[in-house]
Amino acid sequence: PNTDVIDKVKMTTKPVPLYKRWEGMENCYNKGLVKAIGCSNFNCQTIVDLLTYAKIKPVVNQIELHPYLPQANLVRYLQANDIQVMAFAPLCNPQTASLQSKTNSAMTDPAILEISKKYSISPAQICLNWGLQRKHILIPSTVKIERLTEYVGAKDFNLTPEDIDKINSIQTRIRLYDPVSWT
């Protein structure tokens, strides 16, 4: 075959409006092809818009969520509308996002370290427990079994309301991932 012709063809697609994409997902659900439908990186305005025409409400919204990006208003809105909050990057680990030299991890924040020392557990466990107590579904990533074991231990204690307030009062705001760049 003449691959020169194929290499020079530029594929273009027309954008599909969100309501059409959601309708397609609802059709998949109604046909029993999926057990649930959800969304990812939807802000409050997009969720409000979606709920005006959705016949099936999203079960979950997966968003970047950690002590440096708590998204309190969005979390409150999702929970008030019975939409589960799934937190990706719950440890605010810049190495995961290939930003090693650009930002610090929430796990090195003085408030997190102080609480970690108080309980004699890792800063990662503090960050994860903070998310668990806010009723987030957490999806931390690791390839090391010892870290996975450490992460599971985050459910074995409870931060005090004062600890949670201290974490909530952290002023640093960092978004590790830019959803706009994924389109």
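For the numbers below, each heavy atom of this structure counts, side chains included, while hydrogens, waters and symmetry mates do not.
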ask   = Hey, does the side chain of His136 reach the backbone of Leu138 with a donor-acceptor pair shorter than 3.5 angstrom?
value = no

task = Check whether more than 12 heavy atoms from other residues, nucleotides or ligands sit under 6.0 Å from atom OH of Tyr77, and answer yes or no.
result = yes

message = Test of understanding: clusters of I, L, V, M, F, W, Y form through side-chain heavy atoms closer than 4.5 Å, transitively. Do Val34 and Ile83 belong to the same one?
response = yes

request  = Check side-chain contact (heavy atoms from CB on, under 4.5 Å) between Leu148 and all other residues, then give those that pass, not counting sequence neighbours.
outcome  = Thr142, Ile145

query = Quick one: hydrophobic cluster around Val143, which other residues, with the 4.5 Å side-chain cut-off, linked directly or via members?
reply = none

request  = Check whether Phe88 and Val85 end up in the same hydrophobic cluster, where Ile, Leu, Val, Met, Phe, Trp and Tyr are linked by side-chain heavy atoms less than 4.5 Å apart.
outcome  = no

message = Is there a continuous path of hydrophobic side-chain contacts, each under 4.5 Å between heavy atoms, that joins Val48 to Ile37?
response = yes

request  = Just jot down the side-chain contact (heavy atoms from CB on, under 4.5 Å) partners of Val59, sequence neighbours excluded, or say none.
outcome  = Ala36

key: Residues that Asn158 engages under side chain to side chain donor-acceptor pair (under 3.5 Å), provided they are two or more places apart   = none

inquiry  = Applying ring pair (Phe, Tyr, Trp, His ring centres under 6.0 Å) as the test, list every pair that has at least one member in residues 105-129; sequence neighbours left out.
reply    = Tyr119-Phe157

inquiry  = Filter on salt bridge (charged side-chain N to carboxylate O under 4.0 Å, His left out), then keep only pairs touching residues 41-53, sequence neighbours left out; what's left?
reply    = none

ask   = Say you draw a straight line from CD of Glu23 to CD1 of Ile56; how long is it, rounded to the nearest 0.5 Å?
value = 11.0 Å

task = Could you list the residues that satisfy side chain to side chain donor-acceptor pair (under 3.5 Å) with Glu26, not counting sequence neighbours?
result = Trp22

Salt bridge (charged side-chain N to carboxylate O under 4.0 Å, His left out) pairs, two or more places apart, involving residues 131-154 = none

message = Hydrophobic clusters here meaning ILVMFWY residues chained together by side-chain heavy-atom distances under 4.5 Å, can you tell me if Leu51 and Ile63 are in one?
response = yes

query = Quick one: salt bridge (charged side-chain N to carboxylate O under 4.0 Å, His left out) partners of Asp163, sequence neighbours excluded?
reply = Lys118

key: Residue pair Tyr53, Leu18: steps toward the side-chain contact (heavy atoms from CB on, under 4.5 Å) verdict   = CA-CA 10 Å; Tyr53 53 79; Leu18 179 57; 3.3 Å; yes

request  = Under 4.5 Å between side-chain heavy atoms, chaining through other members, with only Ile, Leu, Val, Met, Phe, Trp and Tyr counted: pull out the rest of the cluster around Leu69, sorted by chain and number.
outcome  = none

ask   = Distance from Ile112 atom CD1 to Leu91 atom CG, nearest 0.5 Å?
value = 10.0 Å

key: Pairwise salt bridge (charged side-chain N to carboxylate O under 4.0 Å, His left out) hits with a residue in residues 108-117, at least two apart   = Glu114-Lys166

query = Can you name the side-chain contact (heavy atoms from CB on, under 4.5 Å) partners of Pro17, sequence neighbours left out?
reply = Tyr19, Lys20

request  = Verify the cluster assignment for Leu78 and Ile137: are they in a single hydrophobic cluster under the rule of side-chain heavy atoms below 4.5 Å apart?
outcome  = no

